[in-house]
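Remember, it's 1-based here, ligands and their atoms both numbered in the order they're listed.
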Amino acid sequence: MLRDACGVIGISLRDPSSSVAKSIYYALHSLQHRGQEAAGISVHDGKAMRTHRGMGLVSEVFDDAQIALLRGSVGIGHVRYPTTGESCIENAQPLLVKYRDGGIAVAHNGNLVNTRALREQLEAAGDIFHSTSDTEVVAHLFVRELQRHDLVDAVRALTRKLVGSYSMVFLYGNTVLAVRDPLGIKPLCIGKLENGFMVASESVAVDTLTGKLVRDVKPGELVVIREGEIECHVLSHNTPAHCIFEYIYFARPDSIMDGRLVYDVRVNIGGVLAEEHPADADTVAPIPDSGITLAVGYHQRSGIRYRECLMKNRYVGRTFIMPDQSMRETAVRLKLNTIRPNIDGHKLVLVDDSIVRGTTSVRIVKMVRDAGAKSVHIRIGSPPIVAPCYLGIDMASRDELIAAHKTIAGVEAVLDADSLGYVSLDGLIRAIGIPKEHLCTGCLTGYYPVEIPGENCNVSQTKITEYLNDTS
Ligand code: AMP
């Protein structure tokens, strides 16, 4: 099972002679935080499809010459997150599938939990697969449905077979199709451009192209964009289960999701954290970068002064050669350094979004103690992460999750913090402003909105099962 936490883009421009590749390229740059392992673009010029994909950052995969070769006014793009799964070009997207009537390109953000069974069925029926990717299973299924139905019904039939999270874009001839799973687990939004329409994982991509955010794609909705015009079909009506971790960590703070600016949500979370876990401290500082907005909220609500105490070097890339054991400290310092005068003799509140394995927090508590902190209070903008994510966030297995095996006091002891406070689930939900029943809280509660073997499933599944079983 691949755990794809990725970013997708789909754009169709009205004028068939216009070039879409550069717009997709810029939009992918704005989604780079959603995936750094691989990137790709597929375009169609009315006659043929062209694709370029590669391993690495968007800027490493594309240059002017490649963009110039990608002729066409319609296309899709993808950035892939480094995952625990296979890191190879075959798993880079868009994924292409050829069939009798042409070819289809697919790009997927999310994670399907029933692809093994689907793949076995397809293989038994004679299909041959070229990669280990779930997305290839989707593409094969879609091709089969297209031979039986018109476009909208083919997507409807496809979505009835898929279980899990997906915000998916297809390039089918000169048409972009975008579909969001019936629970709307992963984000997807619609943007209006001066000369067409787009869909994107996050609204920052729409901003980048100076477009206007129209709205989120609804859970269970299909969006068809052709020749720069848009058409929407709601395929199913369900209670949503939006990924709560997008609000906590994954989405960019300048994105708007479900009508909420993520920045405001995170400031709210920091405020709730300050109410729930006050601290005897004189300085609030973020653990950069993801703790910054939360720390602002904590500072505003508590009145404790805000001072940055840690500086992150954003330019230490993935290609950075790890020094040997004797230079370990150098490597750590290169990525993160302390601002000693802001720390020495001070009582600190350090704010981060989450503790997964505990590695980051342990290291940081030691660093600030070495820099002279009098006391260190750790505050976390999520409740303890107690269960793995099967639905699109590359997190860690249960064995690796520190809070899955230890009490909060136990984690505090491992961190060597003077105190540790996690925001409560109710407080977090209040800060987001979406009802609990409309969120996927699997990683925080161990209850998932879709059926996963060996795990608990909550009420949303009842509704989704009705949809999946409805073959009318
Ligand atoms: P850990 O060091 O394993 O406890 O991880 C916690 C740190 O990783 C926090 O600073 C988070 O901002 C960050 N983080 C949380 N979730 C993810 C994720 N899915 N991918 C990458 N980093 C993450």
* Applying side chain to side chain donor-acceptor pair (under 3.5 Å) between D418 and each of R369, K347, K374, report the one that passes. => R369
* To do: Kindly give the heavy-atom pair with the smallest separation between S167 and K186, and that separation in Å.
  => OG-O, 3.1 Å
Between side-chain atoms of residues 423-435 and protein atoms elsewhere (two or more places apart, or another chain), which donor-acceptor pairs fall under 3.5 Å?
residue, atom, partner, partner atom, Å
S424, OG, E276, OE1, 3.4
S424, OG, E276, OE2, 2.6
S424, OG, G427, N, 2.9

* To do: Look at the aromatic rings of F62 and H52 and report parallel, tilted or perpendicular, splitting at 30° and 60°.
  => perpendicular
* Does R53 use its side chain to pair, donor to acceptor, with the backbone of A92 at less than 3.5 Å? -> yes
* **Nearest protein heavy atom with distance in Å, relative to atom 20 (N) of ligand 1** => Y81 OH, 2.7 Å
* Shortest protein heavy-atom distance from atom 8 (O) of ligand 1, along with the residue and atom involved -> T360 OG1, 4.4 Å
Can I get a per-line list of side-chain donor-acceptor pairs under 3.5 Å for residues 438-446, giving both atom names and the distance, sequence neighbours left out?
residue, atom, partner, partner atom, Å
T441, OG1, T445, OG1, 3.2
T445, OG1, T441, O, 2.9
T445, OG1, Y447, N, 3.1

* To do: Give the ring-plane orientation class for H29 versus Y25, where under 30° counts as parallel, over 60° as perpendicular and anything between as tilted.
  => perpendicular
* Considering only protein heavy atoms, which is closest to atom 17 (C) of ligand 1, and at what distance to one decimal place? -> Y249 CE2, 3.5 Å
* Heteroatom distance test (V356, ligand 1): nitrogen or oxygen, under 3.5 angstrom -> yes
* Just by modelled atom types, is the L28 backbone N or O under 3.5 Å from a matching donor or acceptor in the Q32 side chain? -> no
* Asked: Does I287 come within less than 4.0 Å of ligand 1, judged by its heavy atoms?
  -> no
* State the atoms of ligand 1, each with its element, that fall below the 4.0 Å cut-off from a heavy-atom position in S290. => 12 (O)
* **Distance under 6.0 Å and angle within 45° of ring axis: R119 vs F129** => yes
* Subset of ligand 1 atoms that lie under 4.0 Å from at least one heavy atom of G358 -> 1 (P), 3 (O), 4 (O)
* For atom 10 (O) of ligand 1, closest protein heavy-atom neighbour -> D352 OD2, 2.7 Å
* Asked: Counting from 1, what ligand 1 atoms have a heavy atom of I355 closer than 4.0 Å?
  -> 4 (O)
* To do: Measure D394 to ligand 1 on non-hydrogen atoms and call it side chain, backbone, both or neither using the 4.0 Å cut-off.
  => backbone
* Structure fact -> Rounded to the nearest 0.5 Å, the SG atom of C6 sits from the CG atom of L31 at a distance of 10.5 Å
* Examine M395 against ligand 1 and note whether any of their N/O atoms are separated by less than 3.5 Å. => no
* Asked: Please state which protein non-hydrogen atom is closest to atom 3 (O) of ligand 1 and give its distance, to 0.1 Å?
  -> R357 N, 2.8 Å
* Protein contact to atom 12 (O) of ligand 1 [nearest heavy atom, distance to 0.1 Å] -> D353 OD1, 2.5 Å
* Just jot down the ligand 1 atoms closer than 4.0 angstrom to any heavy atom of I393, in number order. => 19 (N)
* Which heavy atom of the protein is the closest neighbour of atom 16 (N) of ligand 1, given with residue, atom name and distance? -> F245 CE2, 3.5 Å
* To do: Note the single closest protein heavy atom to atom 6 (C) of ligand 1, along with its residue, its atom name and the distance in Å.
  => S354 O, 3.6 Å
* Asked: Quick one: which ligand 1 atoms are inside 4.0 Å of a heavy atom on T359?
  -> 1 (P), 2 (O), 3 (O), 4 (O)
* Asked: S361 near ligand 1, heavy-atom distance under 4.0 Å?
  -> no
* Donor-acceptor contact present, side-chain D207 to main-chain S255, <3.5 Å -> no
